[in-house]
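Notes follow once the structure below has been shown.
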Protein chains: 2
Amino acid sequence: MLTDRQMRILRLIVDDYVRSAEPIGSRTLSKQMALDISAATIRNEMADLEELGYLEQPHTSAGRVPSQQGYRYYVDNLLPEGAALTTDDVKGIRSLFSERIVEMERVAREAAVMISDLTRYTGVVLGPQVYDTTLRKLEIVPLNERSAVVLIVTSSGAVQNKTVTLPDGISPTDVERLFSILNHRLVGTPMYRIRSRVLQEITSEIARHVEDYEEAMKLLDRILPALTNEHDARVYLGGATNMLELPEFRDLQKVRAVLSWLEQPSHVAVALRGDERNPEHAPGVRLKVRIGGENSAGMLQNCSLITATYAVGDLPIGVIGVIGPTRMEYARVIRLMQALSDSMTDVFSRFYQT
Amino acid sequence: MLTDRQMRILRLIVDDYVRSAEPIGSRTLSKQMALDISAATIRNEMADLEELGYLEQPHTSAGRVPSQQGYRYYVDNLLPEGAALTTDDVKGIRSLFSERIVEMERVAREAAVMISDLTRYTGVVLGPQVYDTTLRKLEIVPLNERSAVVLIVTSSGAVQNKTVTLPDGISPTDVERLFSILNHRLVGTPMYRIRSRVLQEITSEIARHVEDYEEAMKLLDRILPALTNEHDARVYLGGATNMLELPEFRDLQKVRAVLSWLEQPSHVAVALRGDERNPEHAPGVRLKVRIGGENSAGMLQNCSLITATYAVGDLPIGVIGVIGPTRMEYARVIRLMQALSDSMTDVFSRFYQT
DNA sequence: TTTAGCACTCGGCAAGCATGAGTGCTAACA
DNA sequence: TGTTAGCACTCATGCTTGCCGAGTGCTAAA
């Protein structure tokens with residue numbers, strides 16, 4: 001248990017270090033500290049805090065720097081409570097939804113850029129992905145004799161399109177019939193059940209209604225993956241180069257490690273989703289702060305990741321996040337993410353909830 | 001006019017510098033040079049080449065480095081002719097099209113990554129954009145009482161979707177009628193003519209057939225931008241972090257400049273499209289090499305950009321490109337881009353040409 | 001418990017120095 | 001006239017050295 005004074009000192013060190021990125025010495029601290037304690041006393045307290053694991057020294061005779069545990073304590077216990085968002089921040093968030101056309105995908109993409117603009121860190125968004133949406137409409141639009149576009153619309157308003165080659169022998173009427181059957185039988189089916197329903201119930205019906213069963217099944221085979229493929233994770237980045245401005249990444253090696261990690265959407269997706277089986281992922285927890293080594297991704301040892309889910313109604317459909325140095329403006333960023341995720345949830349729920 | 005020997009020397013310098021990234025001295029060159037000329041002679045030739053503007057010295061008493069003009073001469077006159085692509089390269093290109101489902105958008109995205117993998121530079125692709133495609137299908141799928149998804153399919157197989165808010169008072173029947181009219185009258189119309197046709201010819205027909213003209217027009221107003229908006233340029237990047245491996249970008253400032261330039265799709269799109277009014281953009285010219293300062297973008301002063309268009313039939317629909325240092329493996333990259341653009345054109349033409 | 005004083009530590013920076021690759025010039029050579 | 005060898009000179013690079021200053025831990029006094 002930390003004493004009151006230790007908490008005050010820890011908070012000051014974190015705040016100062018976040019601002020300056022330089023180790024804080026006892027002397028400096030004693031000067032700028034409101035309450036008057038001498039440098040020597042602070043030295044003693046600092047030594048204690050270090051022993052407890054909240055601070056560390058880059059090397060002897062440098063100032064102290066918060067340790068991972070120190071940041072954790074700060075986030076859990078020392079965050080300044082009040083202090084709402086600035087009006088600029090609020091304006092930024094509002095501007096995301098100013099248009100008449102609210103398209104999830106686009107909001108997600110722009111949210112990433114907005115996060116990076118407002119925080120000067122890297123914004124990261126996992127596009128909306130609705131696991132138990134249902135099929136709303138299935139459509140095929142022929143392009144020429146050999147190919148066609150298949151459109152899949154889900155109840156959440158997500159649209160997928162796939163270009164397919166038509167089997168050589170198939171007749172337009174059969175294509176039409178096939179899709180009419182599929183629509184008739186599958187609309188309203190949850191996406192994840194489509195594959196089994198097709199295989200179990202629908203093939204026989206197809207056999208009854210189309211002329212050339214062989215060819216129809218060939219076509220079905222080609223569109224089935226598109227239908228059941230969970231929409232691959234779309235990851236949107238914003239301001240990845242902001243990393244380059246940070247003093248902790250003055251080293252080219254580190255920059256490269258982080259940037260090429262960011263370049264792989266699958267990496268980012270995994271990090272954003274987090275371990276969903278994790279106890280910390282209790283239901284109702286929307287916001288997560290993972291500091292340094294708490295991240296499973298090795299590349300993020302020196303980074304903190306703050307994520308928040310956004311939802312339609314009660315159903316989380318995606319994740320927004322910020323990647324920055326462990327030396328992050330936690331208070332502000334947390335509030336920002338909270339506000340943004342709330343806004344997105346709000347708007348999406350209004351538009352898409354059935 | 002360069003003498004034969006000068007050309008040989010220039011070629012050797014470029015080749016060597018591309019490999020080593022270090023200024024070439026006369027001594028080094030005379031050793032590795034097949035034909036036996038002494039260092040002193042080479043020094044004289046180099047001095048001449050420098051005077052002519054093909055070489056430059058980073059500082060007195062360093063070796064020589066090709067100048068922009070030197071690279072230009074190399075690309076125009078000294079490219080080794082034969083030397084086909086390696087089998088690995090060919091395999092890479094093939095793998096792009098291995099799947100049954102050939103979706104332009106996806107091929108474009110993956111092409112960017114592939115270019116970067118094969119070249120170790122940065123791959124850059126401008127997604128397919130077909131200016132004089134025609135409308136193939138217009139569809140609206142309601143999501144709930146308040147919103148719907150509008151699908152737009154063009155003759156090239158590109159699909160756009162926009163989520164719209166339905167005007168409050170509109171009846172489902174009116175929506176259906178509106179779309180039936182639009183489809184009936186607009187399918188087959190070139191995209192760029194849609195706006196004018198709607199305004200000139202179709203509003204009157206709508207007035208005749210729907211019950212609530214006011215509301216129908218409100219809805220039409222909302223979808224019209226989506227229809228006529230030229231599909232905004234989609235830019236795909238691959239291997240942007242490859243830049244970090246290059247010795248010319250050991251300086252953080254330069255890295256930042258280039259990477260944040262790359263982060264702005266609009267910048268990249270402009271560079272890729274190039275000045276289409278440029279004399280160099282003669283019809284039939286598919287491949288362009290822009291070296292250093294030949295790029296209009298200031299950020300690319302130290303870079304070379306090699307672009308090639310891909311097409312459906314004779315109609316160019318997009319651009320692939322490589323951004324690398326001026327010290328680029330021109331021969332290989334040029335062949336690669338040529339091969340890739342040919343393949344893409346080939347496959348797309350087979351699938352999408354009407 | 002707090003404070004002042006003191007010796008000690010260590011990173012960072014600048015100056016000085018040696019090294020070596022490379023040049024231009026001149027003079028001799030084929 | 002073109003080619004080569006030799007020589008003095010230049011300059012980036014890397015290493016060593018020494019100094020500075022911020023900061024610490026410890027001890028002794030308040």
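Per chain, numbering begins at 1; letters A, B, ... match sequence-line order.
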Please report, rounded to the nearest Å, how far the [atom2] atom of [N] is from the [atom1] atom of [X].
X	N	atom1	atom2	answer
B/I9	D/dG2	CD1	C1'	13 Å
B/E22	D/dA12	CD	C1'	12 Å
A/M46	D/dG23	CE	P	9 Å
B/R5	D/dT4	CZ	C1'	12 Å
B/Q6	D/dT3	CD	C1'	15 Å

OP1, OP2 of D/dT4 versus side-chain N and O of B/S38: anything below 4.0 Å?
yes

At the 4.0 Å heavy-atom cut-off to chain A, mark where contacts on DNA chain C begin and end, going 5' to 3'.
C/dT2 to C/dG11

With distance as the sole test, does A/T307 use its side chain to make a donor-acceptor pair with the main-chain N or O of A/I320 at under 3.5 Å?
no

Check for a donor-acceptor pair, side chain of B/E45 on one end and backbone N or O of B/I9 on the other, with a separation under 3.5 Å.
no

With a 4.0 Å heavy-atom cut-off, tell me which residues in residues 55-64 of chain B come close to DNA chain D, sorted by residue number.
B/H59, B/T60, B/S61

Is the shortest side-chain heavy-atom distance between B/R64 and B/L29 below 4.5 Å?
no

Polar atom pairs (N or O), protein with nucleotides 27-30 of chain D, under 3.5 Å:
none

Pick one: which of B/T86, B/D89, B/T119 meets side-chain hydrogen bond (donor to acceptor under 3.5 Å, both in side chains) with B/R332?
B/D89

